[in-house]
Amino acid sequence: MATIVEEMDRAAPAERPGGRLAGYHHWHDLLFVHWRVEPDVVAPLLPRGVTLDTFDGSAWVGLVPFSISGLRPWWFPALPGVSAFNEINVRTYVHYRGRDPGVWFFSLDATNSLAVRVARWWWGLNYHRTAMNVRVTGAVAHYEAARRGGGRRAGAQLVAEIGPLLGADERDRPLPPGRTLPGTLEHFLLDRYILYSQAGDGPLYQGIVHHAPYVIHEASLLACRQTLLPANGIFGAPLPCHAAYCPGVEVEVFPLRRV
């Protein structure tokens, strides 16, 4: 069942935690595309232990393509040919017992075979090998992905026009343009620093991915063709109703811990 937790602390996860790091990387050219979906469609697809997080009475499913560079563990430098690749994921939003709002990934597709194997083994995430291109020309971003190997074929073709900074025309804004405002849909969708992971019927884990707040641009979809949502059991979704773009952010990854 989906629940709305009005008093949930949605600011605390943005604080950098203590403890040792697992690694670093940089995200580039992130496009966030979202569908508003009935909670009863999404909730049965979640593992035991997490609860669907909703906004305005709806579940939200995101398709997020981007590029990664500088991927490395904390103890080793980035390696050419290994540390940079493209990725696209399908996700929704969850919480754990009314706290720790985070992300549940239905699938993640990446162009790096080693990264796919490591993430499946070490993080228990549903990674797949894909062929994927990311290209930003002026104010237009192009993304194309096609899953490779065994399993159900799936992919996406997305084209988006990058607009002004979020809130650029808002006078007396409490935060600089580009920053999401607490209580808004953008803050609910984008200000997520916790991921949940579960391998099979095993225990539930939580990991923290820390970065400075995104600098968000408005975005308009010019084209959207995808089969990744139905490949994850999400059928009959309407047209996407929200899109946003971020040029990039530096990321620190912390180890998984059992919930």
Side-chain angles (χ1 to χ4, degrees), residues 23-35 61-72 78-92 103 105-120 123 125-165 189-190 192 195 209 211 214-232 234 237 239-251 253:
Y24 305 88
H25 51 275
H26 191 111
W27 294 338
H28 308 263
D29 299 317
L30 301 99
L31 180 67
F32 301 90
V33 180
H34 282 96
W35 287 257
V61 174
L63 184 62
V64 184
F66 60 104
S67 296
I68 294 174
S69 68
L71 177 69
R72 66 179 182 91
L79 295 176
V82 176
S83 300
F85 54 93
N86 297 326
E87 180 175 314
I88 186 168
N89 62 62
V90 180
R91 66 197 226 177
T92 195
V103 174
F105 292 107
F106 292 115
S107 67
L108 309 96
D109 289 64
T111 57
N112 185 309
S113 297
L114 178 61
V116 168
R117 291 195 295 269
V118 170
R120 277 184 168 271
W123 289 79
L125 294 170
N126 184 28
Y127 262 91
H128 301 269
R129 181 76 165 88
T130 192
M132 183 175 169
N133 293 312
V134 175
R135 177 169 53 90
V136 178
T137 304
V140 180
H142 303 256
Y143 305 84
E144 186 170 0
R147 184 174 293 175
R148 303 176 66 179
R152 184 169 182 171
R153 301 295 249 175
Q157 298 83 41
L158 304 164
V159 182
E161 184 176 18
I162 303 166
L165 288 172
L189 296 173
L190 307 181
R192 300 276 171 163
L195 67 86
V209 181
H211 55 81
Y214 290 126
V215 176
I216 296 297
H217 289 253
E218 298 176 3
S220 301
L221 284 177
L222 304 178
C224 178
R225 295 182 294 277
Q226 62 81 30
T227 52
L228 285 164
L229 267 65
N232 284 288
I234 303 167
L239 293 174
C241 61
H242 181 271
Y245 171 86
C246 175
V249 69
E250 296 282 350
V251 179
V253 181

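Quick caveat: nothing in here was measured; it's all calculated off a predicted structure. Values below: all heavy atoms of this structure, side chains included; hydrogens, waters and symmetry mates excluded.
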Checklist entry - At what distance, to the nearest 0.5 angstrom, does OG1 of Thr111 lie from CZ of Arg129? => result 6.0 Å
Next on the checklist: Show the nearest heavy-atom pair for residues Met132 and Val134, with the distance to one decimal.
Outcome noted: CE-CG2, 3.8 Å
Next on the checklist: Nearest 0.5 Å, please: how far is CG in Leu189 from OG1 in Thr92?
Outcome noted: 9.5 Å
Checklist entry - Looking only at heavy atoms, which two atoms of Leu30 and Gly248 are closest? And how far apart? => result CD1-CA, 4.1 Å
Checklist entry - Any sub-3.5 Å donor-acceptor pair from His217's side-chain atoms to Gly163's backbone N or O? => result yes
Checklist entry - What is the ring orientation for Tyr214 with His211, classed by angle as parallel under 30°, tilted 30 to 60°, or perpendicular over 60°? => result tilted
Checklist outcome for this item: Taking every heavy atom of Leu165 against every heavy atom of Glu218, the minimum-distance pair comes out as O-OE2, 4.4 Å
Checklist entry - Out of curiosity, Trp35 CH2 to Leu63 CG, how far, rounded to the nearest 0.5 Å? => result 4.5 Å
Item to check | Distance, nearest 0.5 Å, that separates CG of Leu31 from OH of Tyr245 | outcome: 9.0 Å
Next on the checklist: So Leu239 and Leu221, do their side chains get closer than 4.5 Å, heavy atoms only?
Outcome noted: no
Item to check | Donor-acceptor contact below 3.5 Å, side chain Ser107 vs main chain Asn126 | outcome: no
Checklist entry - Under the side-chain contact (heavy atoms from CB on, under 4.5 Å) criterion, do Leu108 and Trp123 qualify, and how do the steps go? => result CA-CA 12 Å; Leu108 309 96; Trp123 289 79; over 6 Å; no
Checklist entry - Looking at Val61, Thr227, Val90, which one forms a side-chain contact (heavy atoms from CB on, under 4.5 Å) with Asn232? => result Val90
Checklist entry - Is the closest side-chain heavy-atom distance between Gln157 and Glu144 below 4.5 Å? => result yes
Checklist entry - Measuring from Thr130:OG1 to Ile88:CD1, what's the distance to the nearest 0.5 Å? => result 7.5 Å
Next on the checklist: Apply side-chain contact (heavy atoms from CB on, under 4.5 Å) to residues Gln226 and Tyr143 and explain how you reach the verdict.
Outcome noted: CA-CA 11 Å; Gln226 62 81 30; Tyr143 305 84; over 6 Å; no
Checklist entry - When rounded to the nearest 0.5 angstrom, what distance separates CZ in Phe66 from CG in Asn86? => result 9.0 Å
Checklist entry - Taking the side chain from Arg147 and the backbone from Ala154, do they hold a donor-acceptor pair closer than 3.5 Å? => result no
